[in-house]
Amino acid sequence: MINHILPKAIVLTDGILHESDAKTAHGLIRATDRYTIAAVIDERHAGKDAGEVLDGIHRNIPIYASVQEALAQINDISYAIIGIATVGGILPDRFIPIIETCIKAGMHIVNGLHDYLSEKPALAAQALANGVELIDVRKPKQRKDLHFWTGDIFTVKAPIIAVIGTDCALGKRTTCRLLQQACAAHNINAQMIYTGQTGWLQGGRYGFIFDSTLNDFISGELEHAIVSCYRETNAAVIFIEGQAALRNPSGPCGSEMLVSGNARRVILVHAPKREHYDHIPAWGAIPSVASEIALIRQYGAEVIALALNTEHCTTEEAIAFQLQYEKELGIPVLLPLQQGVDKLIPFIQTII
């Protein structure tokens, strides 16, 4: 059921809801504590339910071909959220007229791309004239609001588990949220540190946006988020949402979680059928899971489980990969979307 306490929002995907570049929309369709997702705007999938397009689960989120159609069916829409995360964070030109329609309808625009709407004079003028905000989630913080690494991370006594991947867009954030929810169901106070714009959009309390933070302060912002979370919530376990991958050449990332964030345990997310970084052969082949585990071990961290993104897999293939990796690696292998993550709960209970 739609939660009328939270402000209503529509999500703009313009024909690519089914693609990985719409991962922001995917996260919002699955869950958000910041908005009520009232509809998705995507002409290609109009007439369907957004949850069914995403993963076959009906979520009572209709898809309309246009903003006008949504407005004819839904009252009191307060926000329009750009639901895509493109390579380089560029806003496609075709979104401009859609955004203009939303502004004229009195909606605040929430943008998680690097392409800031507030710096586009025409849109800024329209927003001002219509009394709405252009909210650029990825705009960097001011220097006075940034934190430098101090070493306070070593005062955190709760186990810190990084959920990192062998590539981008694998479901690291979703796996984190599922782990947090599974822990809550077993009366474990688990908290999550978000590191991307979708984590904020989903209502994350603790975290920062990694790829819009000045490099000198990434370690400090990570530490500050973890320490603040621990002190304010008395968390029993803390999960860190990873970004990109340790060896993805377009944005190598993950060592900060292991070193500056003192994550001594890792859940590694992997897509067995994905061969190249970001599906681009020129960017290089994704190394084996075993070699990634060996690399993580060099950082002094232990991979406690593997979570599989089963894109392009049948159910039978997914199960086969799960059994294969469990035999090869000797660690639990999770199918988060198909089976959940409860099989990791007994281990978590032993370390808290």
Side-chain angles (χ1 to χ4, degrees), residues 9-32 34-67 69-70 79-99 101-102 107 109-115 117 135-138 165 167-178 194-204 209 211 241 243-244 250-251 269 271 274 277-280 309-312 336-337:
I10 58 173
V11 180
L12 313 178
T13 54
D14 194 38
I16 65 167
L17 177 60
H18 61 292
E19 297 180 16
S20 60
D21 273 359
K23 65 180 183 179
T24 296
H26 297 167
L28 291 168
I29 290 165
R30 287 194 170 104
T32 172
R34 196 175 294 277
Y35 308 100
T36 292
I37 303 303
V40 172
I41 309 303
D42 190 294
E43 186 174 11
R44 175 169 180 164
H45 298 286
K48 302 174 184 176
D49 178 83
E52 292 178 351
V53 172
L54 175 59
D55 54 19
I57 300 173
H58 186 87
R59 291 184 171 86
N60 196 30
I61 301 175
I63 303 174
Y64 296 104
S66 68
V67 174
E69 289 185 22
Y79 293 89
I81 305 170
I82 297 172
I84 62 172
T86 59
V87 173
I90 302 299
L91 177 71
D93 289 340
R94 67 181 186 273
F95 273 74
I96 297 295
I98 302 172
I99 293 168
T101 299
C102 294
M107 298 180 210
I109 312 299
V110 185
N111 170 38
L113 299 171
H114 288 301
D115 207 352
L117 301 185
I135 303 167
D136 290 313
V137 178
R138 257 175 163 158
D167 195 19
C168 302
L170 288 178
K172 297 182 283 288
R173 183 195 65 257
T174 298
T175 301
C176 264
R177 286 184 63 92
L178 290 172
Y194 72 83
T195 55
Q197 71 276 10
T198 307
W200 181 88
L201 288 166
Q202 288 183 308
I209 299 178
D211 61 14
E241 173 201 7
Q243 293 294 323
S250 72
V269 187
R274 192 181 300 192
Y277 289 116
D278 278 321
H279 303 284
I280 303 172
N309 174 317
T310 54
E311 61 184 14
H312 310 306
L337 295 184

Engineer: Closest approach of Ala271 and Leu170, non-hydrogen atoms and distance?
Structural biologist: CB-CD2, 3.6 Å

Engineer: Between Val137 and Ile209, is any pair of side-chain heavy atoms under 4.5 Å apart?
Structural biologist: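 The answer is yes; the side chains approach within 4.5 Å.
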
Engineer: Using side chain to side chain contact (heavy atoms under 4.5 Å, CB included) as the criterion, list what pairs up with Arg59, not counting sequence neighbours.
Structural biologist: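 Testing Arg59 for side chain to side chain contact (heavy atoms under 4.5 Å, CB included), a comparison that skips the adjacent residues, returns Ile29, Arg30, Asp49, Leu54, Asp55, Ile57, Ile61.
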
Engineer: To the nearest 0.5 Å, what is the distance between CD1 on Ile98 and OG on Ser66?
Structural biologist: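 If I round to the nearest 0.5 Å, the distance is 9.5 Å.
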
Engineer: How many angstroms lie between atom CG of Leu113 and atom CD1 of Ile84, to the nearest 0.5 angstrom?
Structural biologist: 5.5 Å

Engineer: Does the side chain of Trp200 come within less than 4.5 Å of Arg34's, by heavy atoms?
Structural biologist: yes

Engineer: For a quick test of reading the model, state the closest non-hydrogen atom pair linking Cys102 to Ile10 and the distance between them.
Structural biologist: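 Between these two residues, the closest heavy atoms are SG-CD1, 4.2 Å.
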
Engineer: Is there a donor-acceptor pair under 3.5 Å between the side chain of Asp136 and the backbone N or O of Leu117?
Structural biologist: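 Present.
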
Engineer: Which heavy-atom pair separates Lys23 from Arg173 by the least distance, and what is that distance?
Structural biologist: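 Of all heavy-atom pairs spanning Lys23 and Arg173, the closest is O-NH2, 3.5 Å.
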
Engineer: Minimum heavy-atom separation for Asp167 to Lys172, with atom names?
Structural biologist: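 Residues Asp167 and Lys172, closest heavy atoms: O-NZ, 2.9 Å.
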
Engineer: Should Leu28 and Ile81 count as side-chain neighbours, where that means a heavy-atom distance under 4.5 Å?
Structural biologist: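 The answer is yes; the side chains approach within 4.5 Å.
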
Engineer: Looking only at heavy atoms, what is the nearest atom pair of Gly171 and Asn309, with distance?
Structural biologist: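 Closest heavy-atom pair between Gly171 and Asn309: N-ND2, 4.5 Å.
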
Engineer: Which of these, Val53, Val40, Leu17, sits in a side chain to side chain contact (heavy atoms under 4.5 Å, CB included) with Lys48?
Structural biologist: Val53

Engineer: Would you say Leu91 and Thr86 make side-chain contact, with heavy atoms under 4.5 Å?
Structural biologist: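 A side-chain contact under 4.5 Å is absent here.
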
Engineer: Between NE2 of His26 and CG of Asp21, what distance do you get to the nearest 0.5 Å?
Structural biologist: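 Interatomic distance, His26 NE2 to Asp21 CG, rounded to 0.5 Å: 9.5 Å.
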
Engineer: Measure from the side-chain N and O atoms of Glu241 to the backbone N and O of Gly199, and report whether any donor-acceptor pair falls under 3.5 Å.
Structural biologist: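 Here the side-chain-to-backbone pair does not exist.
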
Engineer: For Ala31, does its backbone N or O pair with a side-chain atom of Gln202 as donor and acceptor, under 3.5 Å?
Structural biologist: yes

Engineer: Can you find a heavy atom in the side chain of Pro336 that is under 4.5 Å from one in the side chain of Thr174?
Structural biologist: no

Engineer: Mind checking whether His114 and Asp211 have side chains closer than 4.5 Å, heavy atoms only?
Structural biologist: yes

Engineer: Which atom names give the shortest non-hydrogen contact between Val67 and Leu12, and what distance separates them?
Structural biologist: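 Closest approach of Val67 to Leu12, heavy atoms only: CG2-CD2, 4.4 Å.
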
Engineer: Taking Asp14 for its side chain and Asp42 for its backbone only, find out whether a donor-acceptor pair lies under 3.5 Å.
Structural biologist: no

Engineer: So do Thr32 and Leu201 actually touch side chain to side chain, heavy atoms under 4.5 Å?
Structural biologist: no

